[in-house]
Amino acid sequence: MISTIALFWALCVVCLVNMARYFSSLRALLIVLRGCDPLLYQYVDGGGFFTAHGQPGKQVRLVRYIWLQRYRDHHDEEFIRRCERVRGQFILTSALCGLIMVSAIALAIWH
């Protein structure tokens, strides 16, 4: 029989891998954004997005922009595709993090 703790840690590893994919896709999206829409790039703090001095308010703007699918009216097809990918990975990673939280609570109750 499969150990529940081993299954939990495997789920954690899968979540971490998906988080790495999400951040990598987000970085690629910002690179494309810098070339196709410099004004939006500045609006979401593209240059300081992954730095310690980044502005969280502007970073949330990008998340909200992608979550509400405002990119659908954009003129660049590659930017739209990358936004779709980032949105899908964000949903997947959020669901996995939620599943890990529920699993951790269930393990704490079970054991």
Side-chain angles (χ1 to χ4, degrees):
M1 187 161 160
I2 298 176
S3 169
T4 55
I5 294 175
L7 189 59
F8 174 75
W9 284 111
L11 185 63
C12 289
V13 169
V14 168
C15 186
L16 286 174
V17 168
N18 277 307
M19 285 175 122
R21 289 180 60 221
Y22 169 68
F23 287 122
S24 174
S25 293
L26 191 57
R27 186 177 296 271
L29 173 69
L30 288 171
I31 290 170
V32 170
L33 182 61
R34 181 177 48 203
C36 72
D37 198 346
L39 207 56
L40 181 59
Y41 181 75
Q42 286 181 337
Y43 182 70
V44 299
D45 193 27
F49 200 86
F50 287 107
T51 61
H53 65 276
Q55 299 175 359
K58 287 186 173 185
Q59 295 168 350
V60 169
R61 287 180 189 167
L62 180 63
V63 172
R64 190 176 303 130
Y65 181 83
I66 293 171
W67 181 253
L68 297 175
Q69 296 181 344
R70 293 185 185 149
Y71 54 84
R72 297 228 178 221
D73 297 329
H74 204 272
H75 64 277
D76 191 357
E77 291 295 322
E78 178 164 352
F79 176 70
I80 293 171
R81 279 193 309 275
R82 291 206 186 253
C83 284
E84 294 275 336
R85 179 181 175 141
V86 167
R87 185 173 190 275
Q89 288 177 341
F90 177 73
I91 291 169
L92 176 66
T93 302
S94 298
L96 283 172
C97 288
L99 184 61
I100 286 174
M101 296 301 287
V102 169
S103 298
I105 292 169
L107 277 175
I109 291 170
W110 187 330
H111 287 280

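Computed from a prediction, not measured in an experiment: that's the story for all the values here.
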Between [atom1] of [X] and [atom2] of [Y], what distance do you get to the nearest 0.5 Å?
| X | Y | atom1 | atom2 | result |
| --- | --- | --- | --- | --- |
| R81 | E78 | CZ | CD | 5.5 Å |
| C15 | L92 | SG | CG | 8.5 Å |
| L29 | S25 | CG | OG | 8.5 Å |
| L62 | Y71 | CG | OH | 11.5 Å |
| D76 | C83 | CG | SG | 9.5 Å |
| C12 | L96 | SG | CG | 10.0 Å |

> Quick one: does Y41's side chain have a donor or acceptor within less than 3.5 Å of a partner on G47's backbone?
Replying inline: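 Confirmed, Y41 side chain pairs with G47 backbone.
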
> If only atom types and distance count, is the side chain of R61 paired as donor or acceptor with the main-chain N or O of Y43 below 3.5 Å?
Replying inline: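 Yes; at least one donor-acceptor contact below 3.5 Å.
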
[X] versus [Y], closest heavy-atom pair with distance:
| X | Y | answer |
| --- | --- | --- |
| I80 | H74 | CD1-O, 3.4 Å |
| T51 | G48 | OG1-O, 2.9 Å |
| A104 | F8 | N-CE1, 3.8 Å |
| R82 | V32 | NE-CG2, 3.3 Å |
| K58 | Q42 | NZ-O, 3.8 Å |
| T93 | M19 | CG2-CG, 3.4 Å |

Determine, using the 4.5 Å side-chain heavy-atom cutoff (strictly less than), whether [X] and [Y] are members of one ILVMFWY cluster.
| X | Y | result |
| --- | --- | --- |
| L33 | W67 | yes |
| V13 | L107 | no |
| L99 | W110 | no |
| L7 | L16 | no |

> Relative to each other, are the rings of F50 and F23 parallel, tilted or perpendicular (30° and 60° limits)?
Replying inline: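 The rings of F50 and F23 stand perpendicular, inter-plane angle above 60°.
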
> What is the ring orientation for F90 with Y22, classed by angle as parallel under 30°, tilted 30 to 60°, or perpendicular over 60°?
Replying inline: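 Tilted: the ring planes of F90 and Y22 meet at 30° to 60°.
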
> So R21 and N18, side-chain contact (heavy atoms from CB on, under 4.5 Å) or not? Walk me through it.
Replying inline: CA-CA 5 Å; R21 289 180 60 221; N18 277 307; 3.1 Å; yes

>> Exactly one of V44, L40, V60 should register a side chain to side chain contact (heavy atoms under 4.5 Å, CB included) with Y65. Which one does?
In response: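 Output: one option passes, namely L40.
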
> Can you name the side-chain contact (heavy atoms from CB on, under 4.5 Å) partners of I109, sequence neighbours left out?
Replying inline: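 With sequence neighbours excluded, I109 shows a side-chain contact (heavy atoms from CB on, under 4.5 Å) to I105, given in chain and number order.
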
>> Please determine whether the number of non-hydrogen atoms from other residues, nucleotides or ligands lying under 6.0 Å from atom CG of L68 exceeds 12.
In response: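 More than 12 heavy atoms, drawn from other residues, nucleotides or ligands, come within 6.0 Å of this atom.
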
